[in-house]
Amino acid sequence: MISTQDWADTRRLWDYHQMSHSLRPCSVAVGLGSHDLGVADTAVDLYKRDLAPLLVFTGATSPTTRERMPRGEAVHYRERALELGVPSAAVLVEPRARNTGENIRFSRELLEAAGVDVSSVLLISKPYEERRAYATACKLWPEVEIVSTSSPMTLDEYVDSIGDARLVIDMLVGALQRLVIYPAQGFMISQPVPDDVIAAYERLCQAGFTSRLLTTDTPSA
């Protein structure tokens with residue numbers, strides 16, 4: 001049972017995870033691999049709107065994507081982009097990354113090896129990971145401007161697309177925990193978290209939305 005208070009707290013976390021950056025033309029668009037092909041669709045939309053002349057898709061596989069994307073997240077994203085009309089020459093693939101930090105580091109290395117001059121990046125992630133992706137990129141790629149974005153969706157639309165409300169709440173809670181603890185571990189920059197967001201997070205943890213929380217035995221990434 002998801003209470004009215006749970007939903008109110010979830011919306012507070014959702015709103016915080018959204019960066020609401022204004023889109024502008026950038027050197028490259030980088031799509032972070034996941035279970036969500038919407039990332040690839042958004043990257044293609046940005047390319048067709050002349051907001052990025054080059055797409056990079058990054059990601060290997062994970063336990064949640066291995067069956068749906070057996071060739072790897074980045075490879076499936078590239079295939080999706082080609083289906084939607086993006087020319088092959090405008091898509092680079094980084095197929096090794098297994099976490100957000102590796103997404104950023106390996107994409108940066110790929111672009112450097114290709115001789116691409118990068119001063120700004122359109123960073124595309126799942127809607128609830130805009131802030132995490134931004135904070136990670138700012139830490140690991142500090143010399144470029146990061147514009148963080150995702151598929152334009154409301155919380156209700158995203159829950160409908162996943163089909164599991166409790167899982168979505170768990171993911172929002174887990175993403176917030178990482179924003180709090182990862183800066184001290186050197187994985188991302190620190191960002192202020194408003195008191196009302198912390199309070200909402202703590203209530204959701206107490207309500208049992210904890211399946212995506214890190215423990216001392218969970219590998220950091």
Side-chain angles (χ1 to χ4, degrees), residues 9-10 12-21 30-36 39 56-66 72-74 94-112 118 120-150 167-221:
D9 289 336
T10 298
R12 200 170 300 277
L13 265 60
W14 174 269
D15 290 343
Y16 176 71
H17 286 307
Q18 301 273 300
M19 297 295 295
S20 300
H21 283 169
V30 176
L32 305 186
S34 73
H35 63 271
D36 188 353
V39 172
V56 173
F57 294 126
T58 167
T61 59
S62 70
T64 59
T65 63
R66 193 166 291 122
E73 297 155 5
E94 184 295 296
R96 298 179 295 137
R98 296 186 181 276
N99 58 59
T100 307
E102 289 184 351
N103 286 141
I104 302 303
R105 289 198 304 272
F106 294 166
S107 294
R108 178 180 181 177
E109 292 169 4
L110 176 68
L111 289 161
E112 289 174 351
V118 179
S120 54
V121 174
L122 276 170
L123 192 60
I124 308 159
S125 63
K126 298 185 291 295
Y128 69 89
E129 289 203 334
E130 279 191 25
R131 188 174 293 275
R132 175 184 176 184
Y134 173 80
T136 304
C138 287
K139 179 70 176 182
L140 300 178
W141 210 348
E143 68 273 23
V144 304
E145 180 183 357
I146 303 297
V147 179
S148 189
T149 190
S150 64
L167 176 60
V168 170
I169 300 175
D170 284 351
M171 292 189 295
L172 289 165
V173 169
L176 197 284
Q177 182 203 36
R178 287 157 177 78
L179 286 168
V180 172
I181 68 175
Y182 272 3
Q185 299 178 29
F187 295 135
M188 62 177 63
I189 64 168
S190 178
Q191 297 181 91
V193 184
D195 290 343
D196 61 339
V197 174
I198 291 293
Y201 162 79
E202 291 175 344
R203 283 191 295 267
L204 289 170
C205 288
Q206 292 167 4
F209 297 96
T210 58
S211 74
R212 293 306 179 98
L213 291 181
L214 297 172
T215 67
T216 55
D217 298 324
T218 306
S220 298

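The basis for the numbers below is simple: all heavy atoms, side chains too, and nothing from hydrogens, waters or symmetry mates.
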Heavy-atom closest pair (Ile189 atom, Pro183 atom, distance to 0.1 Å) is O-CG, 3.5 Å
Which atom of Lys139 lies closest to which atom of Pro142, heavy atoms considered: O-CD, 3.8 Å
Just wondering, do Gln18 and Pro127 contact through their side chains at under 4.5 Å, heavy atoms? yes
Does a side-chain N-to-carboxylate-O contact under 4.0 Å join Arg105 and Glu109? no
If you look at every heavy atom in Ala97 and Asn103, which pair is closest and at what distance? CB-ND2, 3.2 Å
Residue pair Leu213 / Val173, side-chain heavy-atom distance below 4.5 Å: yes
Without placing hydrogens or testing angles, list every side-chain donor-acceptor pair under 3.5 Å for residues 200-207, not counting sequence neighbours.
| unit_1 | atom_1 | unit_2 | atom_2 | d |
| --- | --- | --- | --- | --- |
| Arg203 | NE | Asp9 | OD1 | 3.3 |
| Arg203 | NE | Asp9 | OD2 | 2.9 |
| Arg203 | NH2 | Asp9 | OD1 | 2.7 |

Please report the interatomic distance CD(Glu73) to CD(Glu94), rounded to the nearest 0.5 Å. 10.0 Å
For residues Val180 and Ile198, determine if any side-chain heavy atom of one lies less than 4.5 Å from a side-chain heavy atom of the other. yes
Measuring from Thr100:OG1 to Phe187:CZ, what's the distance to the nearest 0.5 Å? 11.0 Å
Do Arg132 and Met188 come close enough that some side-chain heavy atom pair is under 4.5 Å? yes
Is any side-chain heavy atom of Leu167 closer than 4.5 Å to one of Arg212? yes
Contacts of type side chain to side chain donor-acceptor pair (under 3.5 Å), residue Asp196, not counting sequence neighbours: Arg12
Please report the shortest heavy-atom distance between Val118 and Val144, naming the atom on each side. O-CG1, 3.5 Å
Distance-minimising heavy-atom pair for Val39 and Gly31: CG1-CA, 3.8 Å
Nearest-0.5 Å distance that lies between atom CZ in Phe57 and atom OG in Ser107: 11.0 Å
Using a strict threshold of under 4.0 Å (side-chain N to carboxylate O), is an ion pair present between Glu143 and Arg108? yes
Out of curiosity, Leu32 CG to Lys126 NZ, how far, rounded to the nearest 0.5 Å? 8.0 Å
I need the minimum non-hydrogen distance between Leu176 and Val193, along with the two atoms involved. CD2-CG1, 4.4 Å
Give a yes-or-no answer on whether the side chains of Ser150 and Glu130 include a donor-acceptor pair shorter than 3.5 Å. yes
Does a side-chain heavy-atom distance below 4.5 Å link Tyr134 with Gln191? yes
Given Val56 and Phe106, is the side-chain contact (heavy atoms from CB on, under 4.5 Å) satisfied, shown in steps? CA-CA 10 Å; Val56 173; Phe106 294 166; over 6 Å; no
Interatomic distance, Met171 atom CE to Thr10 atom OG1 [nearest 0.5 angstrom]: 11.5 Å
For the pair Arg98 (side chain) and Thr61 (backbone), establish whether a donor and an acceptor sit closer than 3.5 Å, ignoring hydrogens and angles. yes
Could you grab the distance from atom CD1 of Ile146 to atom CD1 of Ile104, nearest 0.5 Å is fine? 6.5 Å
Determine whether the side chains of Glu145 and Ser120 contain a donor N or O and an acceptor N or O closer than 3.5 Å. no
4.5 Å side-chain heavy-atom contact, Trp141 and Leu123: no
